[in-house]
Amino acid sequence: MNYWLVKTEPESYSLEDLEAKGEEIWDGVRNYQARNFMEKMNPGDLVFVYHSGKQKSMVGLAEVSSAPFPDPKAKEDEKWLAVHLTYMQHLVNPLPLAAIKASPDLQNLLLLKQSRLSVMSVDPLDAALLLKMTRS
DNA sequence: GCCAACGTTGGC
DNA sequence: GCCAACGTTGGC
């Protein structure tokens with residue numbers, strides 16, 4: 001199983017929106033590094049959902065519920081990808097960015113290293129620690 | 001509101 | 001192919 005983290009601005013699309021809908025197509029990603037991660041997604045993979053902007057906290061969990069497929073919104077000659085994500089839960093304890101920054105064990109999270117990346121992988125050990133910290 | 005990081009665009 | 005200019009993201 002692989003672990004991922006997706007960022008979203010709650011003002012445009014929030015975890016609550018995902019919860020209400022149950023499953024959502026995660027499209028519109030227009031960054032090559034992010035696409036390369038999406039390419040490796042498999043159904044059943046766990047996805048941490050992070051709210052950027054005012055909240056800047058990890059707020060929930062979702063599950064990859066499809067194989068990656070061509071982004072239907074992409075132009076015909078472009079090879080962008082989308083996946084389906086299914087809502088799992090809100091975290092018992094949302095994890096603020098400040099707490100992540102303050103944790104010596106989480107310093108190699110791509111979230112901290114590449115602030116603009118919107119889809120990224122999470123190391124299994126980091127994922128286990130995150131799950132522990134959020135008691136989910 | 002500002003700025004750092006970084007991706008993209010276009011002139012050369 | 002380089003690089004300056006510009007736009008966007010996201011934290012502060």
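Owing to the predicted nature of the structure, the values given are computational and were not obtained by experimental measurement. The figures here come from the full heavy-atom set of this structure, side chains too, leaving out hydrogens, waters and symmetry mates. Convention: sequence-line order gives letters A, B, ...; per-chain numbering from 1.
Of all nucleotides in DNA chain C, those with any atom nearer than 4.0 Å to a heavy atom of chain A start and finish, going 5' to 3', at C:dG7 to C:dC12.
Within residues 110-118 of chain A, the residues approaching DNA chain C are A:S115, A:R116, by heavy-atom distance under 4.0 Å. Contacts between residues 27-41 of chain A and DNA chain C, defined by a heavy-atom separation under 4.0 Å, are absent.
Looking at residues two or more places apart in sequence or on another chain, you find a salt bridge (Lys or Arg N to Asp or Glu O under 4.0 Å) between A:K73 and A:D27. Considering only residues two or more places apart in sequence or on other chains, A:N93 meets the side-chain hydrogen bond (donor to acceptor under 3.5 Å, both in side chains) condition with none of them. Partners of A:Y3 under the ring pair (Phe, Tyr, Trp, His ring centres under 6.0 Å) rule, at least two apart in sequence or in another chain, do not exist in this structure. Residues satisfying the ring pair (Phe, Tyr, Trp, His ring centres under 6.0 Å) test with A:W4, not counting sequence neighbours, are none. A:H84 is linked by a ring pair (Phe, Tyr, Trp, His ring centres under 6.0 Å) to A:F69, counting only residues two or more places apart in sequence or in another chain. Residues meeting the side chain to side chain contact (heavy atoms under 4.5 Å, CB included) test with A:E9, sequence neighbours left out: A:E11, A:S12, A:S52.
Residue-level contact check: A:K101 touches the backbone only, with heavy atoms under 4.0 Å from sugar-phosphate atoms and none from bases.
Between the side chain of A:T8 and the backbone N or O of A:Y13 there is at least one donor-acceptor pair closer than 3.5 Å.
Counting only residues at least two apart or in different chains, salt bridge (Lys or Arg N to Asp or Glu O under 4.0 Å) contacts with residues 29-49 of chain A comprise A:R30-A:D71. For residues 91-116 of chain A, no residue pair satisfies the ring pair (Phe, Tyr, Trp, His ring centres under 6.0 Å) rule, not counting sequence neighbours.
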If you look only at distance, which donor and acceptor atoms sit under 3.5 Å apart when one is on a side chain in residues 110-121 of chain A and the other is two or more places apart or in another chain?
residue, atom, partner, partner atom, Å
A:Q114, OE1, A:Q33, NE2, 3.4
A:Q114, NE2, A:Q33, OE1, 2.7

